[in-house]
Structures are given as structure tokens and as C-alpha cells.
Amino acid sequence: MIEMLGLVSQYSNLSPIGIDWWIILGGWVPGFLGLALAFVIWARSRRDADE
Amino acid sequence: MSDLMDSALYIVVIAFYMVALAAVGWLGKKKVSSISDWYVGGFKIGGVVMGVAFFATYFSAVLMIGFAGSASKWGMSATVIGMWHAVSAVIAFAVLAPRLSKAFRELNAMTFSEFLSLRYGSKTLRYASALIIAIFIIPYTVSAFIAMGSAISTIVGTPFWMGVLVAGAIIAVYVFSGGLFSATLAEFIQGIVMTIAVVAVWVFSYSLLGGFVQAHETMAAIDIRSVTFPAFGTNTWSVIIGLTAVMGFGMLAQPQMVLRYATISSRMNIKRALLIATFGSLLFPLAAYSYGALSRPILAKFGIDVMTLKDDLIVPLFVKTAFPPWLSVLFLAGIMCAATSTIDALIHMTAGTLTRDLVRPASKMMSDKTQLRMTKLISLILSLGCCIIAIYPPGLIYQLTAYTWQVLSSSFMGPLVMALFYRRANKYGALAGMVAGFASAQLWYLFLAPPATPIYPFFPGVAASLIVTYLVSRFTGPKQA
């Protein structure tokens with residue numbers, strides 16, 4: 001952990017989970033937003049079908 | 001557990017798998033009564049089955065072994081490639097599938113080439129696209145057989161040819177019997193097994209390193225580049241960006257993928273498939289790229305430096321070195337499922353294309369019944385022929401496979417997208433776009449591909465295909481559809 005704190009201060013792009021923010025913002029966020037969008041589209045189609 | 005018991009367990013798993021797939025072939029055979037049933041499942045395949053079949057086809061053993069092995073060197077930045085697959089799945093099902101499935105039905109198209117031909121009213125387009133598919137998909141299928149045979153022989157210890165022939169024989173049986181019905185049903189089962197396998201390995205890898213954050217700290221301690229995004233313009237940067245585009249957005253114009261998202265039974269089922277396909281397209285590659293990256297610190301504990309190994313050897317070594325027997329067996333089952341679920345889609349699509357788009361037009365008197373028989377026969381010949389080529393592969397196979405996805409997406413992206421979204425798109429535009437995309441991807445690959453420049457042939461190829469299809473359609477003739 002001490003080593004890690006040293007690395008975090010040296011590489012300011014590291015997020016609290018120990019991965020570069022660029023990886024999270026450039027990959028993980030778009031991926032989970034895609035999944036959220038898919039869920040919304042599916043839920044709306046179910047609601048429309050029920051009505 | 002002794003080696004003998006391990007081998008016995010592996011063989012039991014393989015035998016069980018073969019029996020299960022034979023049963024799928026038998027089930028599919030009962031459902032096939034017309035040529036449409038074999039080619040496009042009679043447009044009756046449901047959303048849940050197709051959603052899983054989609055990502056099972058999308059991700060092969062090459063991701064579980066090859067790309068995951070490369071990820072051990074690239075680090076966690078490789079997960080960026082995987083996460084964008086979910087975005088591509090959303091585009092496939094939310095944007096393209098509704099229009100494409102409607103168009104396939106209205107035109108009564110049963111293959112990708114037939115769709116292009118009927119939409120644009122051009123036989124040339126049909127022959128040209130079918131030829132491109134045959135030339136590039138067959139080597140791609142062979143390479144998938146090679147990946148599977150290598151993985152099985154490394155993990156189980158059986159001869160390479162045995163793994164290839166086992167896979168080829170079983171795929172031949174169920175694709176021959178039930179066409180798209182059997183293929184998607186098999187892919188449904190395969191998709192579930194392969195997802196359980198990669199998620200189990202993913203969770204196991206994190207647990208070996210003491211948890212989620214601790215694992216990243218251990219990676220950073222070995223090499224900070226394992227947890228950071230590569231610097232702009234470096235070789236790794238261009239690989240990550242290139243693969244994100246090719247494997248993500250390039251998928252949209254792959255004929256075997258188009259057949260999956262264009263043949264769903266209803267709009268409601270498209271929405272169901274959207275959710276399931278997106279979930280699978282996020283979870284599976286995230287897990288595979290992550291365990292690949294985590295394999296580096298885990299293997300380091302065993303005194304193995306992955307940077308000295310060939311990418312393809314890293315994951316099999318990881319399995320043999322660090323996994324308990326139950327996880328090795330599960331992973332082997334996952335590899336077989338991932339490989340066969342991709343290969344069956346390629347065999348089904350290529351057999352259909354060869355028969356319907358190349359052989360049938362040459363033989364004008366062919367009845368539907370004869371055509372169905374011939375397609376089944378060609379699927380059988382293709383399965384076994386690809387096995388034999390895989391056992392004795394010529395060097396050209398690797399050269400063709402290396403850029404299959406890039407060539408197919410560069411050739412077809414323009415004609416496909418414009419067919420759906422530009423009413424004035426015509427045959428001149430589609431043909432010009434296909435030729436421009438194909439040629440520019442080829443030329444870029446020969447002269448300007450990495451390492452000469454950091455840009456993959458996919459980018460100029462797809463751009464040329466889209467722009468040329470649009471411009472030539474705009475400035476030539478009346479609309480065709």
C-alpha cells in the first residue's frame with residue numbers, strides 16, 4: 001500500500017481503484033453507459049407493450 | 001489429481017459436450033422444413049436466444065487465448081477494447097437491427113450478399129460480395145480451428161489434429177442438420193458456458209492477488225504501465241485504439257454478425273436481444289482482457305516473466321500453472337464453446353453464400369429442395385475441409401486472417417449503412433464503395449499499416465467505403481429502392 005501511495009503521487013492519473021482514469025473514462029464509462037442505454041430501451045419497450 | 005485423472009476428466013467433458021451438441025443438431029433438424037428455416041431460421045428466432053448467440057459468435061477462443069495473452073503485456077488498458085464492444089452491440093441492435101430485419105423480410109433475403117443484391121438491384125454486387133466473403137472467411141474459419149486445436153492440445157495433451165477433427169465433426173453434424181436454428185441454439189448454450197468460464201477465471205485471478213484494488217497495486221508495483229493508458233502515438237496506443245475500432249465497430253459489417261441481428265422474429269425480441277447482447281458484450285471481454293492482464297503478476301509469483309513469452313502461449317501456461325483442476329476443466333469447456341460458437345456461424349454463413357450466391361445463379365434450374373441439400377452438403381464439406389487445411393495450413397492462411405475483419409468491414413460498411421439510411425443509395429455507389437473500401441484497406445495494409453504509421457487499415461478503408469458509396473450514389477442515376 002505504501003508503495004502504491006508513492007505511485008499514486010507519482011502518477012496523478014491513477015484512480016482510487018488503482019487504474020488510470022483514462023482507462024475508466026475512455027473505456028469503462030462508455031461501456032457501462034451503453035449497458036444502461038440498452039436497459040432503458042428494453043424497459044421502455046416492455047412498458048409500451050404492457051400499455 | 002494425477003495427470004491420468006485430469007486427462008480422463010477432460011475427455012469426459014469433451015464427450016459430454018459432443019453429445020449435447022448432437023442433441024442440438026437433432027432438435028434443429030426437426031424445425032427445418034424449408035430453405036428459409038435453414039438459412040435464416042424462418043425469421044422466427046427469439047430475442048433471448050439471439051442475444052446470447054450474438055455475443056457467442058462475436059467472441060471466440062482467439063479472445064480467450066490470443067488477445068488475453070496480449071493483454072498480459074498491455075495491462076488493464078486492454079479492457080478499453082472490450083468495453084467498447086458493448087457500445088457496438090447497442091448500435092447493432094438499437095440502430096441497425098430494426099431497419100435491417102425489416103429489409104431482410106421485405107426482400108426475402110437469406111444471405112448478406114443476397115440482401116445487397118436485392119436492395120441495390122445488382123447481380124455484380126452479389127457475386128463480388130460473395131467472392132470477398134469466400135476468400136476471407138474460409139481462412140478465418142481455418143484460423144479459428146487452429147486456435148482451438150492448439151488450446152486443446154496444450155491443456156489436455158492430446159495431438160493437435162485430434163482437437164481440430166473433434167470440433168469439425170461435431171460442428172458439421174449440427175450445422176448440417178439444423179442450419180441457423182441449430183447454430184443459434186448451440187450458440188445459446190455455448191454463450192452461457194463460455195461466460196461462466198471467463199467470469200470464474202476473472203474472479204479467481206483477482207482472489208489470487210488479494211482482491212480488486214490490491215491486484216491493481218500489485219500490477220503497478222511490477223510495472224506502472226500495467227495500470228496506465230499507453231502514451232499517445234506509441235505502438236501499444238495504436239494497437240489499443242486500432243483494435244477498439246476494428247473489433248468493435250468493424251463487427252457491425254461482418255456478414256456472420258449481420259445474419260444474427262437481422263433475422264430476429266419481432267421488434268420486441270430485438271429489444272430483448274439488445275439487452276442480453278450488450279450485457280454479454282460488456283461482461284465477456286471485460287473478464288477476458290482483465291484475467292489476461294492479471295496473469296502477469298500471478299505468473300510472476302511462479303517465477304515466470306510473461307514479457308519473454310509468445311502471446312499465444314501465456315494463457316495456456318497460466319491455466320496449467322495457476323488453476324486448480326476444476327477451473328482448468330471449466331476453462332477448457334469455455335474454450336471449446338467459444339471456438340465452436342464462432343466457427344459454426346462462419347460455416348453456416350459461408351455455405352449459404354457459396355450455394356445461394358455463387359452456385360445457384362450458375363445453375364438456373366435448381367429447385368429449393370436441391371438447393372437445401374446442396375447447402376447442407378457444402379456445409380459438411382466446408383467443416384471437414386477447413387479441418388484438413390487447419391492441420392496442414394499454408395502460410396497464406398495467416399496473411400489473409402490477419403486482416404479479415406478489416407477487409408470485410410472496409411468492403412461492406414458503406415453499402416450496408418447506406419442501404420439502410422440513404423434512400424438514394426444505388427448500385428453504382430454500392431459497387432464503387434465496396435471497391436474503394438476493399439482497395440484502400442489493402443493498399444494501406446501493404447504500405448502504411450503499423451508500424452509504418454500508427455493507423456490501422458480499418459480507418460481509411462471504412463471511411464473510403466462510406467464516403468464513396470454516398471458520393472457516387474448522389475451523383476449517379478435515380479434511386480434504386
Side-chain angles (χ1 to χ4, degrees), chain A, chain B residues 47 51 75-91 93-94 211-222 224-232 237 240-241 244 248 266-283 285-286 289-290 293:
Chain A
M1 190 63 196
I2 293 166
E3 281 177 350
M4 188 61 201
L5 288 172
L7 288 167
V8 169
S9 61
Q10 193 180 346
Y11 296 94
S12 57
N13 272 341
L14 286 186
S15 69
I17 60 168
I19 295 175
D20 194 342
W21 276 112
W22 282 113
I23 295 172
I24 292 170
L25 295 175
W28 293 32
V29 169
F32 281 107
L33 279 178
L35 182 60
L37 181 62
F39 182 80
V40 169
I41 295 171
W42 169 77
R44 284 183 62 176
S45 73
R46 269 185 70 90
R47 193 189 61 191
D48 293 346
D50 289 343
E51 287 171 0
Chain B
M76 292 303 288
S77 56
T79 59
V80 170
I81 305 167
M83 297 302 269
W84 277 91
H85 294 342
V87 178
S88 307
V90 172
I91 295 171
F93 283 96
F212 190 62
V213 177
Q214 180 66 43
H216 301 150
E217 291 173 355
T218 308
M219 292 172 80
I222 291 173
I224 189 67
R225 288 171 298 181
S226 296
V227 291
T228 58
F229 198 74
F232 175 80
W237 179 88
I240 299 285
I241 299 296
T244 301
S266 67
R267 287 185 80 84
M268 186 63 208
N269 272 320
I270 290 176
K271 302 294 191 291
R272 279 195 194 114
L274 161 70
L275 184 60
I276 292 165
T278 307
F279 180 69
S281 300
L282 184 135
L283 184 63
L286 174 63
Y289 282 116
S290 295

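Everything numeric here is computed off the predicted structure, so don't read it as measured data. Note on naming: letters A, B, ... go to the chains in the order of the sequence lines (proteins, then strands), and numbering restarts at 1 for each one.
When all heavy atoms are compared, the tightest approach of A:Gly31 to B:Ala86 is O-CB, 3.9 Å. Annotation for A:Ala38 and B:Val90: closest pair CB-CG2, 4.3 Å, computed over non-hydrogen atoms. Minimum interatomic distance between A:Pro16 and B:Val213 (heavy atoms only, all atoms of both residues): O-CG1, 4.1 Å. Of all non-hydrogen atoms in B:Val80 and A:Gly26, the two that sit nearest each other are CG1-O, 3.9 Å. Nearest heavy-atom pair, B:Met83 versus A:Phe32, reported as atom, atom and distance to 0.1 Å: CE-CE1, 3.4 Å.
For B:Phe212, the CZ atom counts as densely surrounded, since its 6.0 Å shell holds more than 12 non-hydrogen atoms of other residues, nucleotides or ligands. Counting non-hydrogen atoms of other residues, nucleotides and ligands closer than 6.0 Å to CH2 of A:Trp22 gives a total of 12 or fewer.
At a 4.5 Å heavy-atom cutoff, the contact between B:Leu275 and chain A is made by backbone and side-chain atoms alike. The contact between B:Met268 and chain A is made entirely by side chain atoms (from C-beta outward), counting heavy-atom distances below 4.5 Å. For B:Leu286, the part lying near chain A is the side chain, with the backbone staying farther off; criterion is any non-hydrogen pair under 4.5 Å. For A:Leu37, the part lying near chain B is the side chain, with the backbone staying farther off; criterion is any non-hydrogen pair under 4.5 Å. For A:Arg46, the parts lying under 4.5 angstrom from a heavy atom of chain B are both the backbone and the side chain.
Judged by distance alone, with hydrogens and angles left aside, the side-chain atoms of A:Trp28 form no donor-acceptor pair with the main-chain N or O of B:Thr79 at under 3.5 Å. Of the possible donor and acceptor atoms, one in the side chain of B:His216 sits under 3.5 Å from a partner among the backbone N and O of A:Ile17. Under the 3.5 Å distance criterion, the side-chain polar atoms of A:Asp20 are left unmatched by any main-chain donor or acceptor of B:Val227.
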**OP:** Run the numbers on B:Leu274 and A:Trp42 for side chain to side chain contact (heavy atoms under 4.5 Å, CB included), then give the verdict.
**Re:** CA-CA 7 Å; B:Leu274 161 70; A:Trp42 169 77; 5.5 Å; no
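Here the OG atom belonging to A:Ser45 is positioned 8.0 Å from the CZ atom belonging to B:Arg272, to the nearest 0.5 angstrom. Residue B:Phe229 holds its CZ atom at 11.5 Å from CG of A:Leu25, rounded to the nearest 0.5 Å. Here the straight-line distance linking atom OG1 of B:Thr228 with atom CG of A:Leu14 works out to 7.5 Å at 0.5 Å rounding.
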